[in-house]
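See structure below.
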Number of protein chains: 2
Amino acid sequence: MLSTLSNMAQNTVKLGAFLSSARSKLDMSLRAVEKETGISNAYLSQLEHGKIKTPSPQNLHKLAQLYRVPYELLMELAGFPIPKVPSAESQTARDTFAARIGAVTEEEEEALVEYLQFIRSRRSRR
Amino acid sequence: MLSTLSNMAQNTVKLGAFLSSARSKLDMSLRAVEKETGISNAYLSQLEHGKIKTPSPQNLHKLAQLYRVPYELLMELAGFPIPKVPSAESQTARDTFAARIGAVTEEEEEALVEYLQFIRSRRSRR
DNA sequence: TAGCATTGCTAAATTTGCCAAGCAAAAACC
DNA sequence: GGTTTTTGCTTGGCAAATTTAGCAATGCTA
C-alpha cells in the first residue's frame, strides 16, 4: 500500500520532469504551449511540478503530439494501465530511451551498439 | 465544434451501453461489480447511463478485466485517444534496435545519449 | 531608465469524477 | 401476507482536475 502510494507519487514527478524537459527541448514557454494545446499555463505548471495525479488522456495526447513523444509513454508515466502488457518495466525503460534517442540512422545504430559494448567491456575489465 | 460535442455525448452513451451489456452478460448486479472492482455502485450506474464524460483509465481497466473485454476498446468508447499501431517498418526498426541494445542502466543510457550527440555534432561540423 | 511584454507560478473559482447515504421497487424468504 | 434482502438509482458532498485572475521577477525596447 505504501509502495503503491509511493509509486503514484513517483509517477507524477516522473511525468512532470519529462514534460518539463520535453518543453525545454523545444524552447517553448508555458504560454506558448497553452496556445498550441488549449491547456492553461497554470495547469501545465502544476503538471510539471507533479501536482496532478490523474491528468486526462486527452490532455496527455495533446502534449504528446506537440512535444512529438509517444502518447503511450506519457500514459505510462502518468501511471495509467497501458494497452499492451509486455514487461512494463523494460518497456518503459525502452520507450523513455527510444524517446530520448529518437530516430537513428543505421550508421548511428552501429556506432551506439559498438560504444555500448566498449563501455561494458571496459567496466568488466576492472 | 457542435459535432465534437455531439461525438463526446455519443461516446459516453456508447460506453455506457457497452458496459451495461457486458455486465448483463455476466449476470452481475451493480453491487457485485462494486465488490469485485471497488468502484461504487452509484458511479457504475452513472457510467452506464452516460453521465460521466471522463472516467479514469484505472477504472476502465478494472472493468475491462472483470468483463473480459479489451481495455483499449473501453478507452476508445470513452473517447480517449488510443495509441496508433506504429507502421510495421518503424516498429521493426525500433524492435531490432531495442533487441540489439537490450536493457541498459541509467549510466549507460546517459553515455549513449551523449555519444549520439557527439557523433551528430561531429558530422554537422564538417 | 521607464514602460511594456513575457514568464513561471500560486490562490481562488469553477467544473467534474467519484462516493456515502438513502429511497423506492422488486425479489426472496418464512 | 409480512418481513427482509437485493437492486438500481438519485442526491448531496468531497476532493481532484482544470481554468481564471493576478503577482513578482525578468526581459525587451525606445
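Chain letters run A, B, ... following the sequence lines, proteins first, then strands; residues in each count from 1. This is a predicted model, so every value here is computed, not measured. Below, all heavy atoms of this structure are taken into account, side chains as well, without hydrogens, waters or symmetry copies.
Put simply, CG on Asn59(A) is 17 Å from P on dT15(C), counting in whole angstrom units. Atoms CG (Leu47(B)) and C1' (dT10(D)) sit 15 Å apart, rounded to a whole Å. Atom pair Leu44(A):CG and dT19(D):P shows a separation of 8 Å (rounding to whole Å applied). Spacing between atom CD of Glu34(A) and atom P of dT6(C) amounts to 13 Å, rounded to whole angstrom units. Computed from coordinates, the Leu63(A) CG to dA17(D) P distance equals 15 Å when rounded to whole Å. Atoms CD (Gln46(B)) and C1' (dG17(C)) sit 9 Å apart, rounded to a whole Å.
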Give every donor-acceptor pair under 3.5 Å between a side-chain atom in residues 44-51 of chain B and any protein atom, sequence neighbours left out.
{"from": "Glu48(B)", "atom 1": "OE1", "to": "Arg23(B)", "atom 2": "NH2", "distance (Å)": "3.0"}
{"from": "Glu48(B)", "atom 1": "OE2", "to": "Arg23(B)", "atom 2": "NE", "distance (Å)": "2.7"}

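Listed by first then second residue, pairs satisfying salt bridge (Lys or Arg N to Asp or Glu O under 4.0 Å) with a partner in residues 24-36 of chain B number zero, not counting sequence neighbours.
Residues passing the side-chain contact (heavy atoms from CB on, under 4.5 Å) test with Thr54(B), sequence neighbours excluded: Ser56(A), Gln58(A), Phe80(B). By the side-chain contact (heavy atoms from CB on, under 4.5 Å) test, Ala17(A) pairs with no residue at all, sequence neighbours left out.
The phosphate of dT16(C) (OP1 or OP2) has no side-chain N or O of Thr54(B) nearer than 4.0 angstrom.
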Could you list, one pair per line, each protein nitrogen or oxygen that sits under 3.5 Å from a nitrogen or oxygen of nucleotides 5-9 of chain D, together with the distance?
{"from": "dG8(D)", "atom 1": "OP1", "to": "Arg23(B)", "atom 2": "NH1", "distance (Å)": "3.3"}
{"from": "dG8(D)", "atom 1": "OP2", "to": "Leu30(B)", "atom 2": "N", "distance (Å)": "2.6"}
{"from": "dG8(D)", "atom 1": "N7", "to": "Arg31(B)", "atom 2": "NH1", "distance (Å)": "2.7"}
{"from": "dG8(D)", "atom 1": "O6", "to": "Arg31(B)", "atom 2": "NH2", "distance (Å)": "3.0"}
{"from": "dC9(D)", "atom 1": "OP1", "to": "His49(B)", "atom 2": "NE2", "distance (Å)": "2.8"}
{"from": "dC9(D)", "atom 1": "OP2", "to": "Ser45(B)", "atom 2": "OG", "distance (Å)": "3.4"}
{"from": "dC9(D)", "atom 1": "OP2", "to": "His49(B)", "atom 2": "NE2", "distance (Å)": "3.2"}
{"from": "dC9(D)", "atom 1": "N4", "to": "Asn41(B)", "atom 2": "OD1", "distance (Å)": "2.5"}

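Two residues are said to be in side-chain contact when any heavy atoms from C-beta on lie closer than 4.5 Å; Leu15(A) and Pro55(A) meet this criterion. Taking 4.5 Å as the limit, every side-chain heavy atom of Val33(B) sits out of range of all side-chain heavy atoms of Asn41(B).
Contact annotation for Ile39(B): backbone-only contact, meaning every heavy-atom pair under 4.0 Å involves sugar-phosphate atoms and none involves a base.
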